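Just so we're clear, the structure is a prediction, and the values are computed from it rather than from any experiment.
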Amino acid sequence: MSFQSELRAWACATLMLIAVAVSSPSALAQTPFESDFDHFTTGWPLEGAHRNVDCSSCHVGGVFEGTSRLCTDCHSQAGLVQATPLPPGHIASTGECQDCHQENSWAPVWRVDHFQVLGSCSSCHNGSQASGKPSDHPVTNEDCENCHTSFAWLPAGFDHANVMPGTCNTCHLQDKPAQHLVTQEQCDVCHLTTAWLPAFFDHTNVMPGTCNTCHLDDKPAQHLITQEQCDVCHLTTAWLPAFFDHATVMPGTCSTCHAGDKSAQHIITQAECDACHLTTAWLPATFDHANVMPGTCSTCHAGDKSAQHIITQAECDACHLTTAWLPATFDHANVMPGSCSTCHAGDKSAQHLVTQEECDLCHLTTAWLPANFDHLGVQPGTCNMCHVDDKPAQHIVTQAQCDACHLTNAWLPAFFDHQNITSTCTSCHAGDEDPGHFMTSQDCGTCHNTNNWLPVNFSHMSAAYPGDHRRNLDCTDCHGGNSEIVTWPSPAFQPDCAGCHQNDFRSGPHKKHENPGVNYTVSELRDCSGACHVYTNSSLTVIKESRPGPEHRVNQSGFD
């Protein structure tokens with residue numbers, strides 16, 4: 001965060017703190033520093049000179065809400081608050097005080113933000129208000145910005161044509177790259193003014209103790225880890241023999257040689273070995289949390305979270321102090337995404353969409369609303385929670401949820417499945433019959449299936465249906481009017497066989513009794529498949545012959 005942003009945040013915090021601090025009349029006579037109220041909780045901690053200012057000095061008339069946070073609203077000649085105004089000779093600027101000044105005092109100015117300055121460079125850099133050209137500056141009447149930028153004096157646009165040989169460091173003193181040989185010689189001893197390379201080199205110009213400028217990568221793999229220059233131990237005439245003494249080792253540089261001596265279980269720390277260990281032995285060692293690397297608490301405390309702890313990958317010190325677990329500071333930013341239900345499992349309203357998703361799929365941690373909605377988070381089969389009234393009047397009658405046929409990104413195209421229909425076929429297919437279709441009140445599904453109209457699957461379920469005739473009858477053989485009404489040739493005998501077969505009955509083979517001989521009538525044997533008896537006489541008391549039936553079967557080719 002930039003200093004300007006921090007200062008604005010402090011300003012906001014101060015206003016909020018004072019708003020609370022002066023909730024009682026006695027608070028108006030206090031400074032924030034004297035008050036028990038922690039101004040930091042408002043989001044604007046008071047720093048520097050602001051800490052000793054009476055609350056009422058900024059909050060004139062006891063007004064807190066809406067108090068301006070701009071410096072110039074107080075620090076001006078016409079300001080409502082009595083505060084130090086800009087002096088008459090102040091640099092012409094945009095008026096953003098905090099970009100140059102600190103809260104402790106107006107002067108000295110800790111820095112100047114050139115973006116806020118109005119006017120030319122020389123209006124400030126004249127040797128009075130701000131530093132002017134140094135004594136060794138090239139002589140010129142041009143304004144600063146013709147060569148320099150407001151970000152830095154260097155690099156600068158310059159013409160070498162009139163530069164005196166041997167004066168390169170007048171401008172190029174800091175222009176050597178990090179890997180350049182350490183030398184006090186002027187640039188033009190080795191370089192040309194037209195280009196840095198090629199360059200002419202002589203070791204006699206190299207400064208002692210700068211060996212690694214060229215020999216940084218010349219150490220063998222097994223060399224001691226050290227930041228020392230080669231010539232501390234080695235001679236310039238040969239690498240060996242070399243001279244080494246631990247007495248010259250600087251405290252806090254143990255890792256130069258012992259970087260790999262920590263065990264796998266060692267606490268993660270950037271502190272040097274001698275922060276805890278002695279040079280004579282590793283143990284005993286003194287321990288201090290201050291030496292532990294922030295964010296490595298789990299090295300020791302991996303199993304210390306309680307079962308009810310918020311699910312997080314953040315380290316302990318993101319919320320807890322090293323002195324005690326509680327109190328702890330909480331920040332949703334440290335909570336594992338997708339674990340909201342750990343705390344908010346019961347926070348959904350009764351009208352909330354049915355979903356197994358976590359809160360942060362749609363909601364922010366700062367507020368429930370506004371929420372970002374995505375159908376992907378909605379539980380399938382719960383569309384009617386929102387869309388119960390969205391079906392048009394002509395929609396197919398169904399109890400199925402919208403997503404049984406529709407997509408979440410558009411109603412159409414839709415995928416149709418007869419399995420989801422709860423209404424009759426005629427609600428959609430009322431006009432789909434062929435002109436010669438059998439006239440019936442039955443629904444389409446009685447004969448047809450949802451895969452194909454043909455073949456037709458129909459079975460008489462009535463007990464009066466005469467069964468499976470041997471001859472494959474057409475529907476119109478019985479339903480002469482091509483409708484559900486049966487047209488019986490002999491309606492007096494319906495629903496028995498004689499209703500259709502009265503004229504097929506022959507009395508000769510159907511003897512009723514002898515002495516005298518009499519035959520059955522069609523009315524008496526109207527059910528051809530029934531039983532019959534032949535009696536000895538007209539008293540019909542003694543059976544001569546019995547035919548238990550069924551005598552005639554509808555699936556036979558002829559009568560027995």
> If you round to the nearest 0.5 Å, how far is NE2 of H363 from CG of N372?
Replying inline: 9.5 Å

> Are W368 and H352 close enough that their ring centers fall under 6.0 Å?
Replying inline: no

>> Quick one: does any side-chain atom of S93 pair with a main-chain N or O of L118 as donor and acceptor, under 3.5 Å?
In response: no

> Distance from K262 atom NZ to S255 atom OG, nearest 0.5 Å?
Replying inline: 7.5 Å

> Side chains of H375 and L407: closer than 4.5 Å at any heavy-atom pair?
Replying inline: no

>> Nearest 0.5 angstrom please: L197 CG to C190 SG, how far?
In response: 11.0 Å

> If every non-hydrogen atom of C340 is compared with every non-hydrogen atom of E358, which pair is closest and at what distance?
Replying inline: N-OE1, 2.9 Å

>> Measuring from atom NE2 of H234 to atom NE2 of H215, what distance do you get when rounded to the nearest 0.5 angstrom?
In response: 11.0 Å

>> Rounded to the nearest 0.5 Å, what separates atom CG in L326 from atom SG in C319?
In response: 11.0 Å

> Looking at C124 and V117, what are the two nearest heavy atoms and their distance?
Replying inline: SG-CG1, 4.4 Å

> For the residue pair T329 and A318, what are the closest heavy atoms and their distance?
Replying inline: OG1-O, 4.0 Å

>> Rounded to the nearest 0.5 Å, what separates atom CD in Q379 from atom CG in D403?
In response: 10.5 Å

> What orientation do H301 and H289 show, parallel under 30°, tilted 30 to 60°, or perpendicular over 60°?
Replying inline: parallel

>> Which heavy atom of D317 sits nearest to which heavy atom of C297, and what is that distance?
In response: N-SG, 3.3 Å

> Looking only at heavy atoms, what is the nearest atom pair of E315 and T296, with distance?
Replying inline: OE1-C, 3.6 Å

>> For a quick test of reading the model, state the closest non-hydrogen atom pair linking V189 to E185 and the distance between them.
In response: CG2-OE1, 3.6 Å

